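This report concerns only the one structure given below.
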Amino acid sequence: MTVEIADTAPVVLSARRICKSFSGVQVLFSVNFDLRAGEIHALMGENGAGKSTLVKVLSGFEQPSSGEILLDGQPVILPPNGAAEALGIVIIHQEFNLAEHLTVTESLFLGREVTRFGVLDRKYMRAETRKVLDVLGSHVDENALISTLSIADKQMVEIAKAISRDARVVFMDEPTAVLSREETSMLFKQVRKLRDQGTSFVFVSHKLDEVMELTDRVTVLRDGQWIKTSPTSILDGESIAQLMVGRELSSLYPAKVEPDVDEEVVLRVSSVSTGYIRDASFEVRKGEIIGFSGMIGSGRTELMEAIAGLRTRLEGEVVIKGQTVPSGDVHAANRCGLAYMTKDRKSKGLLLRSGMMANLTLQSLGRHSRHGYLSPSSEAAALAKAKRRFDIRVRDGNIIAGRMSGGNQQKLLLAKVMETDPDIVIIDEPTRGIDVGTKQQIYHFISALARDGRSIIVVSSEMPEVIGLCTRVAVMREGHIVGVLEGDEISEQEIMRYAAGLKKKAAA
Amino acid sequence: QDKNYTIGVSIPAADHGWTSGVVFHAERIAKKLMAEHPGLNVIVKTSPDAATQANAVQDLDTQGIDALVILPSDPDPLVNAIKEVKDKGKFVALVDRAPSNNDNSVRDLYVAGNNPALGEVAGKYIAEKTPEAEVVVIRGLPIPIDQQRQDGFDKGIAGSKVKVLDRQYGNWNRDDAFKVMQDYLTKYPKIDVVWCQDDDMAVGVLQAIEQAKRTDIQYVVAGAGSKDMVKKVMDGDKLIPVDVLYPPAMVGTAMELTAAALYDQVPVHGNYILDATLVTKENAKNFYFPDSPF
Amino acid sequence: MSVNEETREIRRRSWRDVDLRAVAPFAALALLLIVGALVNPNFIGITNLANVATRCAFIAIIAVGATFVISAGDLDLSVGSMVAFVASLMILLINSGVIADPVLMLAAAVLFTVVAGALCGLANGLITTVGKIEPFIATLGTMGIYRGLTTWLSQGGAITLRSSDIQTLYRPAYFGNILGLPVPIVVILVVTAIAAFILYRTRYGRHVVAVGSNSDVARYSGIAVNRVRTIAFVIQGLCVAIAVLLYVPRLGSTSATTGILWELQAITAVVVGGTALKGGAGRVWGTICGAFILELVGNIMLLSNFISEYLIGAIQGAIIIIAMLVQRSLVRKS
Amino acid sequence: MSVNEETREIRRRSWRDVDLRAVAPFAALALLLIVGALVNPNFIGITNLANVATRCAFIAIIAVGATFVISAGDLDLSVGSMVAFVASLMILLINSGVIADPVLMLAAAVLFTVVAGALCGLANGLITTVGKIEPFIATLGTMGIYRGLTTWLSQGGAITLRSSDIQTLYRPAYFGNILGLPVPIVVILVVTAIAAFILYRTRYGRHVVAVGSNSDVARYSGIAVNRVRTIAFVIQGLCVAIAVLLYVPRLGSTSATTGILWELQAITAVVVGGTALKGGAGRVWGTICGAFILELVGNIMLLSNFISEYLIGAIQGAIIIIAMLVQRSLVRKS
Ligand SMILES: Nc1ncnc2c1ncn2[C@@H]1O[C@H](COP(=O)(O)OP(=O)(O)OP(=O)(O)O)[C@@H](O)[C@H]1O
Ligand SMILES: Nc1ncnc2c1ncn2[C@@H]1O[C@H](COP(=O)(O)OP(=O)(O)OP(=O)(O)O)[C@@H](O)[C@H]1O
Ligand SMILES: O[C@@H]1[C@@H](O)[C@H](O)OC[C@H]1O
Ligand SMILES: [Mg+2]
Ligand SMILES: [Mg+2]
């Protein structure tokens, strides 16, 4: 068994008493970590526990404040800025590391372009890129500009970039957060193949099932401290979660509350079409949580953006509480009480160079204005409340959003949208990159909102989430709503059947 | 016996040939005057535009000057700044570019080339030499003296059959003049004479004509009296038979007169207008200064 | 260290960071003052410094407007020509003498100027946002248009305030004092204070910064991006109008060459003041400091009598670079 | 629709987009040519078009260099003064007559000019990258320095090529023909072809775009960001040197006013050609087209008979805006 091989395998890379501080704020406390040849090692912990930081330290992107790194048993100082690649250490960043103006091929070969007689060998690089993408089962066009890709596709490019390097050690910082199941399993297939050839992987993820499925050993961090390392086989999901959070978790999903059939319809979407969406209609009642499921690229985001006024509609009508909302007018939709939370927190959700407060209140400044001017104390109160409500954890209160951990950014984004106090909220991928403990909190929060008479549309690629939260689930495929499931119909098999185009029924 | 005086000289920055001549002569005369009068301090300051020059005047004033010699980059906007100095009882000499209201309330002394005459002399010369000429005109920058010259030119050709085909701005810049001339040559199959009122621009005009190998252009009338153009006149260049004098050295004249006013108590108030002399092959050597940068 | 101590410590440190970057231009300014004092004893005199502060008014006020435009991620190259154009319109209106009473006439002209400035700014804003043209090109175009119209209005010459009544009436608007301070300095301070208030304390100001730092995020936050950008251009236009209101009593006349290259100076003031050209952050007080620095450099050149006239431009350039290096090293060291 | 079909469909669409954006400046150019032909029949004549193409050479070549700097996310305001400075140095060297043989002298001067240009560019690059000063300010500083030095070298006047031998020898470098094409046009084409090759076909070109698009990503990919940026400035300096090599034989002289505002024209050419000022994408051929468009607009104005000379600037501005609007709507429609 792989576990046994890993047990005896030599240690490739290890961390000894690594500490790391950012301008005086310590985020790693004397962490030890061993990575063996040919193992897949999971790194787990709550949001802000220091996983990404550890990964960056071990790949040279950050220098440790103290402690040492051993490569093949020898102390090394890893060269910065990805130069550790020469030592066979590559990383898939949690934050995308792609330049928008380049094509997929150009990104894949950036910094190590292949030339013949000083001239770029574009044909060769394109072919190589195609090969890697095909191996990963990705349909991304190798000539497409990065700026035109969806986040999932960007993630695939990141993965392809790392995989295509001849690496001894690959760090993967939440590579699957934005991937579909199919893509994830293709990725895992490749990872296993490379592992069997001796490559070592560090896999950071909040998805317990994936960790259980893929990894050989697990290391858990909590608040920057090493907590435990043990073989995956002797753990189960619950025990890992417990190690991470330091307490026992009650059930992840709150009890569902079905809204009354006579409850008023607050959102009516009729025959909406955009460039991709065709004739989408559905209704949402007051106090209802409705899910939207479907494959990646099935058009859920495009539909929601069309509803929220972020895209112009070619046809169709959106009526909120009896008021018709003009097409392409975000402001009007907001005024009617509808808010949309983007799934793309980096480029559409947060001002990465601004602090938490500026981000939190950006969409709801009207609430903090007195006679036209902003009241800092009211904003500060809102921030304090949001931090509590969404368990936003930062060690430095003045940190800019771009430096927060991925999960905490996601929480901040959620808090920002909720600050607008919407009656209807569309949440696109609510828990992307969020740890189990906080996930539970967020689910309860959503449920409480619904009980409060708000309506929530949850767009999610995580099927358990949709199933666990929603009383109705719409399934999309190729720009159409192909079915709406209710009650007992809501199950993974059933949703898959619709999503894959095996089944179809008239929209509700 | 020699009293201590300070003369402030405010002139435009050397933004083209003529103004660089002004800077050259101002510095030259400043040295000369300070050598002649040990107690005299002459401060020369250049400014790129009217607003900056207004500041420069103020700065000179701060330094405690007894007299101001100013060649305004744009006269009207500088009137207020000049008046401020004048109202403190300082002696003010105004050079070349006159404001619309150019009287004793603004300055004590006005030294200038004759702008209207510069145009008129050129116009008259053309009207006499080629009475039926078709002329293209290249203007300077859109500031009043340019307009005065245009008006003078129109007066000069009045009554003749000289026809102005076109007028465009060349901004007293040789590269711009080159372009404008190239386009004139495209636009008009036959051009007899070019009036470009400035020697800098003439450089560009001549190159454009040469490049097009056009033989219909009989001659070019420029102006100011740069050494290059005066040399051409002297050498009998067919395309540059004459030049109209508008010497940048006038700033030196104004400075010498100002020093005289301070030291010799001679009356130098009023207008001192230099002739817009027509430089011809015969008199050219009198106006040729090979050492000047201009 | 208890949590409380920790937070306090953090707060103190990051305040230092923020402050230093904001303070840097002022440090450069202090350095210049020292250099100036060494160059010429008159320099540090109150008259001279007041003079310099007074005369940087035009650029400073325009640059305050530019701070908004630049913070919002745009650029306005037309401001210099806009000064010429709006000033021409103002003088022409006064010269037309449509209103007999000088006070009323002046009041009407002031109002008219403000409206004209705002409209010019609006034009820039709409061409950029609705026309979706790079601001650089759009305002380069309007730069040509405003300047061309000025040349045309002045028929190649100058436009000069004729009525001496109004001139006398209007003169104090530049040359007068309020509480011992020259009017232009007061105007600078008031304009900057208002601008700082708008940029830092109002919803609109936040939106400007959001739009400038990431317009997608702004759009997804329900901000009407084009409106925010357009208003920034209008604010720029208003600032130009205010500069004109000071310019006309000072110089009393305009021509096609009025305000040439002022756009460059205004942008420089903004950047020297610590605002990044890429947008997303504005420092209004820094801008004022930047404008003052630029004017001081020129003043020091003028007051120093040992530099060849020909080299002034070169030394000025060198000083700007050195001042920026000093700024940088200050921020880095601490 | 099968998966395969789907991908192909998407691929086709995105290729079309790319092409159209690149084609847009040429469409604007075509439009201008039509307008020009309507305005004056001589316009479309081969002599006129050759004239225009020839005289846009300076700006075009400089703008090619600017395309690199801008693609890398920087800006160079000093190019106009650099032309004046390098040209002055070149003429002074020739006038010094250190080498008796005219051919050798000229060859040495050409070499010297190229080196001087490269060094000026290097200075800009180092101040910006090592000094960590915003390129806008850094090059504004060197702009002052280069121009000041020129004024000083020329003592305010003009520097004129004295040896008539060399002048005769050198003249064809601007006025001559190669295979029936004026030399400057040939030079434009060669320079652009080389630049396009570097930008699109070499590793360095890739790195330029990457740095301009996102310098953090570039750094993380092991690219020496500062080196890439500095080299872009050096390339800009080389282009300036080439422009000087054409400029000197044309008028045989320079002055402190040579190249004033050329930086603005070069940047405009780059932007009109479709390169975004924010960096991350360079369109070398578009730049050439942009330079040609700018020159054409001026040419059309002069050849037209119905526009008052006072209004030319205004109409020019309007035409630029309209040309950009046409470009935009073209891209959007398809
Ligand atoms: N460059 C930085 N400057 C300041 N603080 C930082 C920086 N990078 C990370 N931090 C802080 O370090 C802590 C750990 O962050 P890290 O990104 O390692 O967490 P994580 O375990 O990856 O969390 P997540 O699951 O949310 O991605 C956080 O408090 C974060 O704000
Ligand atoms: N066959 C196609 N033709 C045109 N566009 C397509 C096609 N397939 C996908 N797209 C594009 O893909 C996008 C659909 O992605 P969208 O983000 O809306 O889907 P999603 O279901 O939200 O998936 P994700 O999980 O990535 O969020 C549309 O914007 C559309 O432009
Ligand atoms: O600058 C002007 C110059 O070019 C012209 O030739 O003479 C008068 C000057 O004011
Ligand atoms: Mg992380
Ligand atoms: Mg989606």
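All figures in this text were calculated on a predicted structure; none of them were measured in a lab. Every chain is numbered from 1, with letters handed out A, B, ... down the list of sequences.
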Exercise for review: Using modelled atom types only, decide if a donor and an acceptor are shared between the side chain of D:E134 and the backbone of C:L277 within a distance under 3.5 Å.
Suggested key: yes
Among [options], which residue forms the greatest number of heavy-atom pairs with chain C at distances under 4.5 Å?
options: D:L264, D:I312, D:L261, D:I267; answer: D:I267
options: D:I320, D:I322, D:I133; answer: D:I133
options: D:I127, D:T142, D:T268, D:I315; answer: D:T268

Point to revise | Sub-4.5 Å side-chain heavy-atom contact between C:L149 and D:L311 | key: yes
Check your understanding: Considering only heavy atoms from C-beta outward, does the side chain of C:F136 approach that of D:V272 to under 4.5 Å?
Key -> no
Check your understanding: Considering all heavy atoms of both residues, which atom of D:I137 and which atom of C:M324 are nearest to each other, and what is their separation?
Key -> CG2-CG, 3.4 Å
**Study point:** Which of C:Q155, C:K278, C:Q316, C:M143 touches chain D most, by non-hydrogen pairs under 4.5 Å
**Key:** C:Q155
Point to revise | Toward chain D, the part of C:A256 with a non-hydrogen atom under 4.5 Å | key: neither
Review point. Which region of C:A318, side chain (C-beta onward) or backbone (N, CA, C, O), has a non-hydrogen atom less than 4.5 Å from a non-hydrogen atom of chain D, or is it both or neither?
Key: both
Practice item. Inspect the surroundings of CH2 in C:W152 and state if more than 12 heavy atoms from other residues, nucleotides or ligands are less than 6.0 Å away. Key: no
